[in-house]
There are 2 protein chains.
Amino acid sequence: MSLVALRLFVRVAATGSFAAAARQQGLPASSVSRHIAALEKALGQRLLYRHTRAVRLTEVGERYYQQVREILDTLDIATEQAAGTASQPQGLLRINAPVAFGRRHIAPRLASFQARYARIETELTLSDAFIDPVQEGVDVVVRVGALNDSSLVARQLARQHFVVCASPGYLERWGMPSTPDALSEHNCLIYKGTRGVQQWYFRDPGARKYRVREVRGNLRSNNAESLLEAALQGQGIVLFPTWLIHAELKAGRLTPVLSDWEASGEPAPQGIHAIFPENRLRSSKVAAFLNDLQTTIGEPPYWDA
Amino acid sequence: MSLVALRLFVRVAATGSFAAAARQQGLPASSVSRHIAALEKALGQRLLYRHTRAVRLTEVGERYYQQVREILDTLDIATEQAAGTASQPQGLLRINAPVAFGRRHIAPRLASFQARYARIETELTLSDAFIDPVQEGVDVVVRVGALNDSSLVARQLARQHFVVCASPGYLERWGMPSTPDALSEHNCLIYKGTRGVQQWYFRDPGARKYRVREVRGNLRSNNAESLLEAALQGQGIVLFPTWLIHAELKAGRLTPVLSDWEASGEPAPQGIHAIFPENRLRSSKVAAFLNDLQTTIGEPPYWDA
DNA sequence: TAGGTGAATTGCATTATGAGCAACTCGATG
DNA sequence: CATCGAGTTGCTCATAATGCAATTCACCTA
């Protein structure tokens, strides 16, 4: 009975796949198969139903998985504490973030973070679909917007503000809209994600609630950066969170529009959160990363300052 | 980082010795040394001070030991539960008992116990000095008398009764004493253990408290069975717990004396206990053994029935 | 319905890891 | 001062894991 076998079992159970577990641990699938087989032999008990497409836990496997996961976590924490006494946080830190946010605000921070914590290796994966940190074996997941309720803990990194803006060239040619209603006469480049077409919300000065304004345009995309690119080229007006376009705003490549109205892409303000399994916070590398992230982002976040 | 290394570390920490840990696990000492070294290297931290005679835990080692011990116990329980579902308790059961009691009442029970639980192997060690089950890596320790307060759990197996007795030949020759005081005229064979010479206590019919009676004789020993042998040969009168001499009483090779008085070798009645680390009871092989022991001994114990 | 695909298992050669033995060092003990 | 026991280190050998290729199997698609 070996630790690798137990770890592999947990990974297989979490992902529901031998192959995925193998990839995560950097091992050939055959090794995973053999380790699991050895574990089952040692227990004299089948842990997994090998079904055709997916792998499912047996009843004993399910109980064992819960227990072993807890045990391995505890062991890892204990080991890290022992190793980390009077030393630096270390080990592999796996981060997942949305593509746009990760490229702009996570990736640029990693250099200084890793310079400070020389013994932390990072593995940054960017993906826009929500992923379960437990299932994917990721330490921290950064997500914008709605939190899936679950056994996870979320820590807010920043609040999200939206601005309506367009390139100076566009505004010069088509004029500056003076009210949200005037947007109906403009070409609005609209994000269309998994939740459908993004609505544009506006709050009148002094008002409490956001109201939807009808907007239309000749380009929709599920890729924010494509829209941004089009806006930079003067194709139309966009509604984007400030963290996405602060560089363009600062450089003057985009000009804010309708600054007297508060705009939003959501009916209610949403934040940017770091999400992780509860017990991961006890890991010093995760704690170090989150603290570093929170301090460097600041309050208000540097892109809004 | 391997499980064996962790197990060995726990054993080394518990025993304070590489050699002892090696013996317990049935490995050469060199392997232990190497495993511990590998563990320390993996942690980048020294876990043990190698002192000349004994090995002492470092500060981190101490914390790590506590945590790892807990973790391994939890893992073993989980593993056993998983393995044991719809199956029998199994594994190695290590029992320690006093020499005399073990030979008479533990060893004879093991055959039927193991016949019933075919997959349990037992390792019975007999020793009269108290041993710490944690330190020695033993599952169950059976002890007569005073319990060391500690982190251990004790379960009473039986109460202990004493009888004064002698061989028929002796009584025929020297006469039957009619009161405890009359013992001063007899040759009393007295046990002398680590707590000094055993006192003979008597309680008058209807009285509440035991009173010491002075007794003397020409043989003292720290070995009860030697005294018993002498008594059987007619050398004198002995005071022994019933579990030690019930066979001789039943066969008539020894005759009770002073049956109207309750005798005792202790100022207060003492019991026979099974002692074990608290979490071991969750192990089904230990539970099975304790239950088997309690049922076969019965209440009152079969040697008193 | 047949072929293609991805996933799991199995066989096999290579490699590495751990076991076991012996030699060595170092304090402690008598 | 010699001996003993404990821990470490060097070395050989066997066992076990690895990685690759081949195979099987169910499902998906054309």
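Just so it is clear: chains get the letters A, B, ... in the order the sequence lines come, proteins before strands, and each one is counted from 1. Just so it is clear, the values below take in all heavy atoms, side chains as well, and ignore hydrogens, waters and symmetry mates.
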Quick check: does any side chain N or O of [X] sit under 3.5 Å from a backbone N or O of [Y], one acting as donor and the other as acceptor?
X	Y	result
A/Glu40	A/Leu48	yes
A/Thr58	A/Arg46	yes
B/Asp139	B/Arg94	yes
B/Ser221	B/Asn223	yes
A/Arg104	A/Leu244	yes

- request: Classify the nucleic acid contact of A/Val55 as base, sugar-phosphate or nothing, counting any heavy atom under 4.0 Å across all strands shown.
  value: sugar-phosphate

Nearest-nucleotide wise, let me know which of B/Ala37 and B/Arg23 is further upstream toward the 5' end of DNA chain D.
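The residue closer to the strand's 5' end, by nearest nucleotide, is B/Arg23.
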
Check: For D/dA6, does either OP1 or OP2 sit under 4.0 Å from a side-chain N or O belonging to B/Arg50?
Finding: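 Answer no for this pair, as no side-chain N or O of B/Arg50 is under 4.0 Å from OP1 or OP2.
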
**OP:** Return no unless some side-chain N or O of B/Ser17 is found under 4.0 Å from OP1 or OP2 of D/dA6.
**Re:**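 B/Ser17 to D/dA6 OP1/OP2: no side-chain N or O under 4.0 Å.
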
For nucleotides 13-15 of chain C, list the nitrogen or oxygen atoms of the protein found under 3.5 Å from its nitrogen or oxygen atoms, one pair per line.
none

Distance, rounded to the nearest Å, where [X] contributes [atom1] and [N] contributes [atom2]:
X	N	atom1	atom2	result
B/Gln24	D/dA6	CD	P	13 Å
B/Leu8	C/dG18	CG	P	12 Å
B/Lys41	C/dT17	NZ	P	10 Å
B/Met1	C/dG18	CE	C1'	18 Å
B/Arg46	D/dG7	CZ	P	13 Å
A/Tyr49	C/dT9	OH	P	15 Å
B/Gln25	C/dG18	CD	P	16 Å
A/Leu39	C/dT9	CG	C1'	17 Å

In terms of heavy-atom contacts, A/Pro98 and A/Arg143 come closest through N-NH2, 3.2 Å

Reading nucleotides 11-21 of chain D from 5' to 3' and marking B where a protein heavy atom lies under 4.0 Å of the base, S where only the sugar-phosphate is that close, and - otherwise, the string is B------BBB-

- Query: Would you find more than 12 non-hydrogen atoms of other residues, nucleotides or ligands less than 6.0 Å from B/Glu59 atom CD?
  - Reply: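 Atom CD in B/Glu59 is not packed in, count stays at 12 or less.
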
| query | If you count the non-hydrogen atoms of other residues, nucleotides and ligands that lie under 6.0 Å from CZ in B/Arg155, is the total more than 12? | reply | yes

Residues at least two apart in sequence or cross-chain that pass salt bridge (charged side-chain N to carboxylate O under 4.0 Å, His left out) with A/Arg220, listed by chain then number, are none

